[in-house]
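Right, one structure below, let's go through it.
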Amino acid sequence: MPAQVRLFFISLLQVIVLTTGMIALVFVAIKPDPNHYFAGSRLQLELLKNTPSPRIILVGGSNVSFGLDAELMQRALGVPVINDGLHAGLGLAPLRELEEYLRPGDVVIISLEYNMFSYESIMQGDRAFLSDWIEYSPRRVRYLSDPWSEASAIYATMLQRKVNREVNRYLLGGSLDEMRSIFLGTKYDANGDFVGHLQEASTTPRKIPSVPYFASTFQEDIFTFLEHFNQRAQEKGVEVYFEPPASRKRNCKITGEALMAKFFETFEERSSIPVLTPFDGVCLPDKYFFDTPYHLNAEGRQLRTQRLIENWLRRNASSK
Amino acid sequence: MLFNSAAFLIFFPLVTTAYFLLPHRFRWLLLLAASCYFYMAFIPKYILILIVTITVDYFAGLGLEKFEGRTKRWVLIASILTNIGMLAFFKYFNFANENLAALANFIGWNYPIQNLSIILPIGLSFHTFQSLSYTIEVYRGHQKAERHFGYLALYVLYYPQLVAGPIERPQNVLHQLHAEHHFDYPRVTDGLKWMAWGMFKKVVVADRMVRFVTPVYGDPTSYDGPALVLATLAFAIQIYCDFSGYSDIALGSAQVMGVRLMKNFDHPYFARSISEFWRRWHISLSTWFRDYVYIPLGGNRVSKPRWAFNLFITFLISGLWHGANWTYIIWGALHGFYFVLSTLTEPFWQRLSALMRLDKLPRLKAALAMLITFSLVTFAWIFFRAVSLGDALYIARHLVSGWPSYLAQSWKMLVEGAQEASGLGLYSVVNTIFKIIEPVTDESRAVLALTALALIILLVIEILQYRGNLLEQLNQKPVFLRRVVYASLLAAILILGTSYASVQQAFIYFQF
């Protein structure tokens, strides 16, 4: 090898080693934040690992974490119930994670936000949210839709978000809690339910965007994914159900009754997963929502959970 | 393919390694194939446009050398018409059609022609101009016609400058493409350093500025003066770092393989006049217009009114070159107006400067001149960035609105901050600064602080470069220190670059 080329590779190696050292230092020095909303996913993961089967697992975006009461279901049904809902921005990654922890006798109730059925990008998840989620369990990188091509971007985003978080913490006087408002990682109960909003939500009215829930077309990929998920779950002796997300009356109206009905028809046509709550019982009065068209307040959460319990019992009774 | 993509991170080392491993006689083929692949990563079928242009110009070049007199002129005209025809069809057809339809509608005529649903080929204006410069230079006898079709194709398609320039001249590049380049450590490493610096400007500074620009320019009527000013200043920085960052990566990547492209930016925001600005901004385009439009129109060797006309027309065409929209035309016209007015009023400014005794304070005079030039250029950017003429006019009219209440509020915070600062020190000062900035933007404190840090790094490096050859100075420092500097630059790109972005930001000039 010519001397100049050798010198080049030695210099390059030195620069790469130094850069890697600097980056590694940032990764090691800035630890995951226990107060971040996604910190709750650590507890949910522990529950998935350690709760004995048979059990009911509720999974989906924040409409599940905010809007279903696993503890109430557990009391009513007499089986362990885990709330594994977190954020729609994670796309389908939490379902891929859940699949690994399923055991015979388990029941999975999936409640995915509507827009995931219309937009592939939402189904894939947002890079920023995914990087935050993976920070709490690095092996989660395998649950990305294409880990090999996405991992580098996810880790780069994680690095940037870690630095941003630390700078923000310093500039806000040592705590990010004020910025995060009620969305704190410490506000989860023993079943994995998010409970941070139960007190404040009803007293703090917020403007909820009046936007349609989904576009008029549905993408095929999500149904393919759900079918595969259901098939693999059944092979493990697991039952899978679909529960429509928390739906606000005004947003249902803006979406259009016909289109809302079309969603249910399309779901039943393209998926073999049974739907628990039928279309006519889905849209709830606006007063039960507090900051987004998917986030129920304490009363709404109780109402939706009771309806789900009733529908579940009715379904079980009819199947027997 | 974007320079700031993971694909380029694989493409560049692969192509470069193969380039140095291959015998010289095959290198053109490698570079041509790599350039085609680079271009086809956007919209593959548009390579056909380039093939047509290159073929026409190849034979035009041969014809221009063979023929004389009127035939030679007709060959040149045919080449120009083909190139401009492509540009006109893809870039200006819909614009012209919409304006004709509006005019017809205004006078009550029925206008039947529909717009075409075509996507503008990436970098069309750049490679069209580069191709044109080849036939014009052959016509003028400054360049021999290229007999090897592959090398001419490589001249037009050469991937470092294919989609956003610099717009090269054949005299500078063709002989370099023919020459054999060996691996040269200082040249290769300097090229890589330029690439890293260009990447810093793009992904750390320019893409960060997007966060301050896009929300405001997307909906200007929701904002008042302070936010509009901040967004416009941010755009001035964004477009400079975006475009000069691209040029640095282009120059650096070509330099690694032994080709030295022309400098495209020379610290334009340090210019002390509009004419100096245009000698420092997008140099390859401004010299193109100078050589092929302004001088053929008569340049400055004509009467004053004719000179002003020549200049104004040149800027108007330059505006239109940037995009098929009235906003770009007005941007060009505004610069033409600045240029003519500043040249005509130069004696007045000199007298005023003498009266104010500014000549005795050259630094202050220079700083004032820079500030005025920067302000004029930044004002013109409003028209360049705005989505529509209506938006641009709204922004221009409302730049001064909302300031009294904002300043009063800021003053109140400053007073409160000063009272707190006596007890709490530095944190309180920082807190007050943020409280003053926060009403103008929705960004978090971390984003604001890291943006400030990126801008400070940019400014320091720009000043050091302006004062002398920074790379040369750096190369004289101890090895370990240099390694730390380069590693820090790479780490800064990774840590500060496009935070939170889910989508890679394309370079602004790709659209032209």
Side-chain angles (χ1 to χ4, degrees), chain A residues 1-27 30 89 121-122 124-132 148-174 176 178-179, chain B residues 5-7 9-10 13 16-17 20-21 182-189 192-193 196 203-204 208 256 424 427-428 430-431 433-435 438 443-453 479-480 482-504:
Chain A
M1 187 187 282
Q4 288 213 8
V5 178
R6 197 167 57 240
L7 178 62
F8 171 76
F9 279 113
I10 292 168
S11 314
L12 189 67
L13 193 68
Q14 287 170 341
V15 173
I16 290 172
V17 168
L18 274 170
T19 312
T20 312
M22 289 177 188
I23 300 295
L25 197 69
V26 176
F27 265 110
I30 305 175
S121 57
I122 297 176
Q124 304 291 359
D126 180 276
R127 199 182 282 171
F129 293 126
L130 285 165
S131 76
D132 284 356
W148 284 103
S149 68
E150 290 170 39
S152 60
I154 288 286
Y155 278 106
T157 310
M158 192 189 295
L159 176 75
Q160 292 162 5
R161 288 178 69 84
K162 273 175 178 275
V163 172
N164 268 276
R165 196 171 66 219
E166 279 315 291
V167 175
N168 255 334
R169 188 193 309 284
Y170 172 76
L171 295 172
L172 287 165
L176 297 172
E178 195 183 329
M179 197 171 86
Chain B
S5 66
L9 212 61
I10 298 164
T16 309
T17 308
F20 285 116
L21 289 175
H182 297 286
F183 188 94
D184 177 56
Y185 177 81
R187 192 198 69 222
V188 169
T189 50
L192 291 176
K193 287 166 206 169
V203 301
V204 177
R208 206 161 258 279
V256 167
L424 294 168
Y427 175 72
S428 181
V430 173
N431 200 29
I433 293 170
F434 280 112
K435 279 184 179 171
E438 275 161 0
E443 293 300 340
S444 73
R445 289 186 172 193
V447 170
L448 293 173
L450 294 174
T451 304
L453 176 69
V479 174
F480 182 71
R482 275 186 277 153
R483 301 284 183 270
V484 170
V485 169
Y486 305 140
S488 306
L489 181 63
L490 292 181
I493 290 169
L494 287 168
I495 294 171
L496 301 176
T498 55
S499 30
Y500 303 148
S502 295
V503 184
Q504 277 161 352

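In this text, all values refer to a predicted model and were calculated from it rather than measured experimentally. We name chains A, B, ... by the order of the sequence lines, and we start the count at 1 in each one.
The candidate from A:Leu18, A:Val26, A:Val17 with the greatest count of non-hydrogen atom pairs under 4.5 Å with chain B is A:Leu18.
Heavy atoms closer than 4.5 Å to chain A are found in the side chain of B:Val188, but not in its backbone. Contact annotation for B:Phe434: only side-chain heavy atoms (C-beta onward) come within less than 4.5 Å of a heavy atom of chain A. Looking at A:Leu7, the atoms closer than 4.5 Å to chain B (heavy atoms on both sides) sit in the backbone and in the side chain alike. Contacts between B:Leu448 and chain A at a heavy-atom distance below 4.5 Å are absent for every atom of the residue.
For the residue pair A:Ser11 and B:Tyr185, a side-chain donor N or O sits within less than 3.5 Å of a side-chain acceptor on the partner.
Considering all non-hydrogen atoms of both residues, B:Ala446 and A:Asn168 come closest at N-OD1, 2.8 Å. When every heavy atom of B:Arg483 is checked against every heavy atom of A:Val15, the shortest pair comes out as CD-CG2, 3.7 Å.
Inter-residue side-chain proximity for B:Asp184 and A:Gln4 is flagged as met; some heavy-atom pair is nearer than 4.5 Å.
Going from atom CG of B:Leu494 over to atom CD1 of A:Ile23 covers 4.5 Å, rounded to the nearest 0.5 Å. Here the straight-line distance linking atom CD1 of B:Ile495 with atom CD of A:Gln160 works out to 8.5 Å at 0.5 Å rounding.
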